[in-house]
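Each remark here refers to the structure printed beneath this line.
Sequential numbering from 1 along the given sequence is applied to the chain's residues.
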Amino acid sequence: MTEKTNETPTQKLFGDFAPTFVSLTDDVLFGEVWSRPELSPRDRSLITIASLVSAGNIPQLDAHIPMGLANGLTQEEIKEAIIHVAFYAGWPRGASALAAAKRIFTEQPG
């Protein structure tokens, strides 16, 4: 089976297994919501990273930290957001998020 080169990350993960989920993610979340003009992609990335840390969804940072860098956030801004959120969301979540950020920054410096 050959991999489709135009597949989104969600299509690669779930493909035909959960097509409705793929559509909602690609078309609604990243299509409609992320393109609304009221917030910039940079601001949406900062909010998303902070929200993921707050909710303890650390594995999702693997996708959203690189997206945040691509949307104009700096490594320092991402680290500072995680440190700030740690006081509200819990120190273990902050520590886990910083460990993920350190790994991601090492893998793809930016």
Practice problem: Begin with the C-alpha distance, continue with both residues' side-chain angles, and end with the deciding distance and a verdict on side chain to side chain contact (heavy atoms under 4.5 Å, CB included) for Gln108 and Ile65. | Solution: CA-CA 10 Å; Gln108 34 176 295; Ile65 286 177; over 6 Å; no
Under 3.5 Å, which donor-acceptor pairs link side chains of residues 86-96 to any protein atom two or more places apart or in another chain?
residue: Arg93; atom: NH1; partner: Ser54; partner atom: O; Å: 2.4
residue: Ser96; atom: OG; partner: Pro92; partner atom: O; Å: 3.1

Exercise. State which residues pass side-chain hydrogen bond (donor to acceptor under 3.5 Å, both in side chains) with Asn57; sequence neighbours excluded, sorted by chain then number.
Key: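 Once residues adjacent in sequence are excluded, Asn57 has no partner under the side-chain hydrogen bond (donor to acceptor under 3.5 Å, both in side chains) criterion.
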Exercise. Not counting sequence neighbours, which residues clear side-chain hydrogen bond (donor to acceptor under 3.5 Å, both in side chains) with Gln60? List them please.
Key: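 With sequence neighbours excluded, Gln60 shows a side-chain hydrogen bond (donor to acceptor under 3.5 Å, both in side chains) to no residue whatsoever.
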Self-check item: Least distance between heavy atoms, Lys12 atom then Glu7 atom
Solution: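 Minimum heavy-atom separation between Lys12 and Glu7: CG-OE1, 3.5 Å.
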Quiz item: Looking at Pro66 and Leu61, what are the two nearest heavy atoms and their distance?
Solution: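 Heavy atoms only, the tightest pair is CD-O, 3.6 Å.
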Nearest 0.5 Å, please: how far is [atom2] in [Y] from [atom1] in [X]?
X: Leu46; Y: Ser40; atom1: CG; atom2: OG; value: 9.0 Å
X: Phe17; Y: Gln11; atom1: CZ; atom2: CD; value: 16.0 Å
X: Gln75; Y: Lys79; atom1: CD; atom2: NZ; value: 6.5 Å
X: Ile104; Y: His64; atom1: CD1; atom2: NE2; value: 11.0 Å

Quiz prompt | Result of checking Val28, Val22, Leu24 against Asp26 for side chain to side chain contact (heavy atoms under 4.5 Å, CB included) | solution =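 Single side chain to side chain contact (heavy atoms under 4.5 Å, CB included) partner of Asp26 among Val28, Val22, Leu24: Val22.
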Does any part of the side chain of [Y], heavy atoms only, come nearer than 4.5 Å to the side chain of [X], both counted from C-beta?
X: Leu98; Y: Ile83; value: yes
X: Ser45; Y: Thr48; value: no
X: Thr8; Y: Phe30; value: no

Among the clusters formed by ILVMFWY side chains lying less than 4.5 Å apart, do [X] and [Y] turn up in the same one?
X: Leu73; Y: Ile58; value: yes
X: Phe21; Y: Leu13; value: yes
X: Met67; Y: Ile82; value: no

Quiz prompt | salt_bridge(Glu107, Arg103) N-O dist < 4.0 Å | solution =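 Here Glu107 pairs with Arg103 in a salt bridge, since their nearest N and O are under 4.0 Å apart.
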Quiz prompt | Worked check of side chain to side chain contact (heavy atoms under 4.5 Å, CB included) between Phe105 and Leu69 | solution = CA-CA 10 Å; Phe105 294 157; Leu69 293 169; 4.1 Å; yes
